[in-house]
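Accompanying notes for the structure given below.
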Amino acid sequence: MSVFIIAEIAQAHNGSIQKVYDYITALAGTGIDAIKFQTHIAEAESSIHEPFRVKFSDQDATRFDYWKRMEFSKEQWVEIKNRCDQAGLEFMSSPFSNAAVDLLEEIGIQRYKIGSGEVNNFLLLEKIAATGKPVIVSSGMSSFQELDETVAFLKDKNVDFSILQCTTSYPTAPDQYGLNVIQELKDKYQVVIGYSDHSADIGTCIAATALGAEILEFHAVFNHTDFGPDATSSIEIKDIPVMTKSVRNIALSRKHLIDKSNNSQFAELKRIFEKSLSVNKTLPKGHILTFDDLEAKKPKGYGIDASQFETVIGKSITKALQKWDFLTESDIEHE
Ligand SMILES: C=C(OP(=O)(O)O)C(=O)O
């Protein structure tokens, strides 16, 4: 099992193209596979009636104004993608309109991410399906019933898709992570399942990997105090290398399953780590052994196995023993 790791920038750039470039530079070499953006085209996806999710600044009178400020031109998107390519990271972006799909097609996107809010936007799904590219669908506000419909739609269009367990809550509290859903989604849909994180805790993605997630997406930010709606739900860039290293190790460990039903595999180690019975005091010939006379010493094989201590209790010894002598079968009187 390998894990595809996506760092989500979303709106952490706050509309600054220079900030986007800074993020790409900072994320190169952190162990991730892809940088994800969101492609917003205010007129195509929103209206002045859209409510704010969080009104985090007075800079924008409406959420529409905010989306407008988050837009980049086609030339800027081309440059963003070029810089991702140069950094060795896949450029990804979630479209929030069919117009955004057209834009992303023009700049040569490899695959699509469907944000949780677009799961039942079949107009968008139809548009993306027509590109023939793979799709990652998030499920932050979808019940199984809703996902069933999306899955049926994508299957019908022969789309190569995977699903991310996600909770649309910023930041997500531990009792809402829904890590249990990873296996439930695997069992139900039999496709690649991942985890889209808003917990601001590197442990969550590591745990998701241990539970079988094969795609991870988390929000990346320079600092939790940075501007933006997702800053407090994000992972700080300085912490990402530790997380990606753990994720890779856990993913590797999942490929190499240990078979506890095979006992012989431990024989060599047991020779080193296990113990033989000895006596903990000098004892005269004929002494009747009690529990308090016994000790277990390394290595195994020099006396009666320590695991067999009960067989010698109540038995007399055939010769005098010195303190810390191993206790062997010939030292025990057998009637
Ligand atoms: C909102 C998005 O994703 P998620 O629902 O996984 O947070 C996104 O990809 O833009």
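Whatever order the structure lists ligands and atoms in, that order sets their numbers, starting from 1.
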Among all protein non-hydrogen atoms, which one is nearest to [atom], and what is the separation to 0.1 Å?
atom: atom 3 (O) of ligand 1; answer: Lys113 NZ, 2.8 Å
atom: atom 2 (C) of ligand 1; answer: Gly115 CA, 3.5 Å
atom: atom 5 (O) of ligand 1; answer: Ser116 OG, 2.6 Å

Ligand 1 versus Phe96: contacting region, heavy-atom distance under 4.0 Å: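 Within the 4.0 Å criterion, Phe96 contacts ligand 1 through side-chain atoms alone.
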Residue part near ligand 1, for Ser138, under 4.0 Å between non-hydrogen atoms: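 For Ser138, the contact with ligand 1 is made by the side chain alone.
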Evaluation steps, side-chain contact (heavy atoms from CB on, under 4.5 Å), between Leu125 and Val159: CA-CA 10 Å; Leu125 296 184; Val159 176; over 6 Å; no
Lys81 with Asp85: basic N within carboxylate O range, under 4.0 Å: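 Yes, this pair counts.
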Proximal atoms of ligand 1 relative to Ser196 (non-hydrogen, under 4.0 Å):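 Answer for ligand 1: 4 (P), 6 (O), 7 (O).
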Close-contact set for ligand 1 against Glu8 heavy atoms, below 4.0 Å: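 The list of qualifying atoms is 8 (C), 9 (O), 10 (O).
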Close approach, Cys166 and ligand 1, non-hydrogen under 4.0 angstrom: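 Cys166 counts as a contact of ligand 1 under the 4.0 Å cut-off.
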Charged tip of Lys19 within 45° of Tyr23 ring normal and under 6.0 Å: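 That pair does not qualify as a cation-pi contact.
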Least distance between heavy atoms, Val192 atom then Glu214 atom: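 Shortest heavy-atom contact: CG1-CB, 3.8 Å.
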Side chain proximity check, Ser264 to Asn262, heavy atoms < 4.5 angstrom: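 In contact.
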Residue pair Asp292 / Thr290, side-chain donor-acceptor N/O under 3.5 Å: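 The criterion, which ignores hydrogens and geometry beyond distance, is not satisfied for Thr290 and Asp292.
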Shortest reach to atom 7 (O) of ligand 1 by a heavy atom, considering only His198, Gln38, Glu118: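 Of the listed residues, His198 has the closest heavy atom.
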His219 N/O under 3.5 Å from ligand 1 N/O: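 Checking ligand 1 against His219, no N or O pair falls under 3.5 Å apart.
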Heteroatom proximity flag, Ser94 to ligand 1, N/O under 3.5 Å: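 Right, the criterion is met.
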Identified side chain to side chain donor-acceptor pair (under 3.5 Å) partner of Glu268 from the options Arg271, Lys270, Gln265: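 Going through the options one by one, the only one that passes is Arg271.
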